[in-house]
*Asks:* 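If you scroll down you'll find the structure; I have some questions about it.
Atoms within each ligand, like the ligands themselves, are counted from 1 in listed order.
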Amino acid sequence: MLSSILCLLVLSLAKGILGAPVRTNTSSCIVDPECGPIPGESALYSDDIGRSRPLPADMTAAVLPTTSGPAGEDDVLFQNLLSAEWTVFSFYQQGVETFNESSFTDLGLPNTTYQRITEIRDNEAGHLRIFQDSISPASLKPGPCSYDFMWEDAAGFLALQNIIEVSSMAFATALAQQAKANSTIGTLVAVGETESRHETWALIDVWNQDPFAGAVDTAYAYANQILYITSAGFTIPGSCPSANPIYPNPTQKLPQLAYNSSTSTGHPGSPITFIYKESRYTNTTPVPDYVDGEDYYAVFFHGVNNITVPFDTKTNSSTIPAAFDSKGIILAVIADTPGAPTLDSIVAGPLILLQQPSNGTSITGIA
Ligand SMILES: *[C@@H]1O[C@H](CO)[C@@H](O)[C@H](O)[C@H]1NC(C)=O
Ligand SMILES: *[C@@H]1O[C@H](CO)[C@@H](O)[C@H](O)[C@H]1NC(C)=O
Ligand SMILES: *[C@@H]1O[C@H](CO)[C@@H](O)[C@H](O)[C@H]1NC(C)=O
Ligand SMILES: *[C@@H]1O[C@H](CO)[C@@H](O)[C@H](O)[C@H]1NC(C)=O
Ligand SMILES: *[C@@H]1O[C@H](CO)[C@@H](O)[C@H](O)[C@H]1NC(C)=O
Ligand SMILES: *[C@@H]1O[C@H](CO)[C@@H](O)[C@H](O)[C@H]1NC(C)=O
Ligand SMILES: *[C@@H]1O[C@H](CO)[C@@H](O)[C@H](O)[C@H]1NC(C)=O
Ligand SMILES: *[C@@H]1O[C@H](CO)[C@@H](O)[C@H](O)[C@H]1NC(C)=O
């Protein structure tokens with residue numbers, strides 16, 4: 001009774017006075033998908049120009065299960081996705097809090113740039129709400145951690161924005177392959193489309209480049225490996241709500257890859273020397289347990305295909321397949337089997353080689 005009164009109050013406040021989006025606090029009704037502003041219905045998820053954290057990102061804790069019934073069939077998928085979304089949302093929120101219009105016009109960029117960053121932040125807040133609502137009441141809804149994205153200025157922020165968006169698109173294609181419910185696949189495609197619009201905007205307005213990424217963006221099969229890049233790269237250890245499940249769940253904790261950019265362009269046809277990335281917080285550099293006498297391969301994924309190239313574990317060198325077009329992203333892993341046909345065949349990576357903007361860099365080059 002009390003909760004439905006609260007919900008009515010929140011709903012009526014959300015409509016606002018004079019039609020302007022008005023923030024309300026959904027924390028009191030977050031467990032009810034009908035309560036509070038709804039993505040796709042409320043302008044808050046596109047037009048909120050406030051600098052402080054919009055709902056439902058004002059939450060700091062995990063939301064505990066409210067029933068003991070059986071978990072939803074895609075609950076773990078959406079828990080992983082919600083944890084990823086807290087990372088993506090936090091990236092934009094930090095930008096909104098740090099910059100203003102001049103930060104970007106000073107770089108010669110359009111005077112709408114700051115507003116677009118704010119709008120994307122609002123869209124990402126809507127994704128938080130959608131993923132929270134997609135987790136059944138029998139499962140926990142993970143809360144936000146603290147994140148360090150390591151950009152130093154507005155230009156660094158905009159460079160990393162490409163990586164954040166193409167990574168989001170890649171894990172949406174991968175999570176879609178794990179989904180049990182058909183509606184989950186539809187949700188993931190719709191969210192990936194929104195991230196693709198964000199990236200399209202950046203290519204046109206920020207980078208002044210061709211906005212199209214060729215016939216098809218890259219589909220990758222192993223979502224949690226991409227999610228682990230965000231976790232290992234950006235999440236401050238020990239900063240997550242203690243109730244949160246491990247992220248990603250399950251996790252392989254594979255050695256992370258970078259490449260030597262003084263000997264490779266990162267584009268098709270170029271030689272590439274992989275570098276194992278030092279862990280930011282443990283000062284260790286995880287490397288694969290290579291078995292003497294076994295063959296290893298660099299497997300490059302692009303579009304809906306992959307190409308396998310021999311990999312020399314002594315020189316750590318390979319060649320980026322010349323057959324690929326230099327569009328969107330190329331994703332590289334080290335595997336013990338050509339084609340990396342199973343999760344366990346992969347021993348390091350993935351490394352995201354950003355093709356557009358064409359002078360972009362790898363995720364590890366920035367992060
Ligand atoms: C939202 O409500 C919760 C619980 O009443 C409160 O702790 C929190 O400070 C509120 N947040 C905002 C932004 O008003
Ligand atoms: C942005 O912030 C800077 C530094 O505080 C300030 O000088 C500038 O006037 C601000 N620009 C806008 C458009 O608010
Ligand atoms: C933004 O730029 C456009 C043209 O690029 C100009 O017409 C408009 O007046 C500018 N708006 C502001 C608020 O400076
Ligand atoms: C989901 O898709 C499959 C394959 O197209 C179909 O057989 C099944 O009926 C769909 N399920 C529902 C609940 O619509
Ligand atoms: C990258 O390659 C250059 C040229 O061979 C070499 O001098 C440098 O040490 C390499 N960097 C790393 C981190 O291996
Ligand atoms: C290649 O990687 C191995 C770890 O597997 C490392 O010990 C070695 O120094 C690397 N070699 C080069 C040339 O970078
Ligand atoms: C890579 O391509 C091969 C050959 O088409 C295929 O058998 C394999 O499953 C692909 N790998 C992945 C991870 O999709
Ligand atoms: C990237 O290339 C574009 C077009 O060549 C150029 O306008 C832009 O300044 C470059 N950006 C960086 C960060 O080098």
*Asks:* Could you tell me whether a side-chain N or O of S270 sits under 3.5 Å from a main-chain N or O of H267, the two making a donor and an acceptor?
*Replies:*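 No; zero donor-acceptor contacts below 3.5 Å.
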*Asks:* Centre-to-centre under 6.0 Å for Y296 and Y290, is that the case here?
*Replies:*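 Yes, they do, as the ring centres are separated by less than 6.0 Å.
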*Asks:* Considering the heavy atoms of K314, write down every atom of ligand 6 situated less than 4.0 Å from one of them.
*Replies:*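 Those of ligand 6 that fall under 4.0 Å from K314 are 1 (C), 11 (N), 12 (C), 13 (C).
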*Asks:* Say whether E101, considering both its backbone and side-chain N or O atoms, lies within less than 3.5 Å of an N or O atom on ligand 3.
*Replies:*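 For ligand 3, there is no N or O atom that lies under 3.5 Å from one belonging to E101.
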*Asks:* Do any side-chain atoms of residues 69-76 form donor-acceptor pairs under 3.5 angstrom with protein atoms, and if so which ones, sequence neighbours left out?
*Replies:*
unit_1, atom_1, unit_2, atom_2, d
D74, OD1, K180, N, 2.8
D74, OD2, K180, N, 3.4
D74, OD2, A181, N, 3.0
D74, OD2, T184, OG1, 2.6
D75, OD1, S136, N, 2.9
D75, OD2, G72, N, 2.8
D75, OD2, S136, OG, 2.6
D75, OD2, S139, OG, 2.5

*Asks:* Under 3.5 Å between some N or O of ligand 6 and some N or O of N316?
*Replies:*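 N/O-N/O distance under 3.5 Å: yes.
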*Asks:* To the nearest 0.5 angstrom, please state how far the NE2 atom of H302 sits from the CG atom of D325.
*Replies:*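 Reported to 0.5 Å precision, the distance equals 4.0 Å.
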*Asks:* Give every pair made of an N or O atom of ligand 7 and a protein N or O atom lying under 3.5 Å apart, one pair per line with both atom names and the distance to 0.1 Å, or write 'none'.
*Replies:*
unit_1, atom_1, unit_2, atom_2, d
ligand 7, 2 (O), N306, OD1, 3.2
ligand 7, 2 (O), N306, ND2, 2.3
ligand 7, 11 (N), N306, ND2, 3.1
ligand 7, 11 (N), G339, O, 2.7

*Asks:* Does T235 use its side chain to pair, donor to acceptor, with the backbone of P237 at less than 3.5 Å?
*Replies:*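 A pair under 3.5 Å: no.
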*Asks:* Provide the number and element of each atom of ligand 6 under 4.0 Å from a heavy atom of Y276.
*Replies:*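 So the atoms of ligand 6 that pass are 2 (O), 4 (C), 5 (O).
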*Asks:* Would you find a donor on one side and an acceptor on the other, under 3.5 Å apart, between the side chain of T118 and the backbone of Y114?
*Replies:*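 Yes; at least one donor-acceptor contact below 3.5 Å.
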*Asks:* Below 4.0 Å from ligand 6: does a non-hydrogen atom of Y290 turn up there or not?
*Replies:*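 A heavy atom of Y290 does come that close to ligand 6.
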*Asks:* At less than 4.0 angstrom from any non-hydrogen atom of N111, what atoms of ligand 3 do you find?
*Replies:*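 Heavy-atom distances to N111 below 4.0 Å select 1 (C), 2 (O), 3 (C), 8 (C), 10 (C), 11 (N), 12 (C), 14 (O).
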*Asks:* Centroid separation under 6.0 Å, is that true for the rings of Y147 and F91?
*Replies:*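 No, too far apart.
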*Asks:* Check whether any side-chain N or O of Q252 sits under 3.5 Å from a backbone N or O of L343 as a donor-acceptor pair, and report yes or no.
*Replies:*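 Present.
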*Asks:* Answer yes or no: is there a donor N or O on one side and an acceptor on the other, between the side chain of N244 and the main chain of P142, under 3.5 Å?
*Replies:*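 Flag not set: sc N244 to bb P142 has no pair under 3.5 Å.
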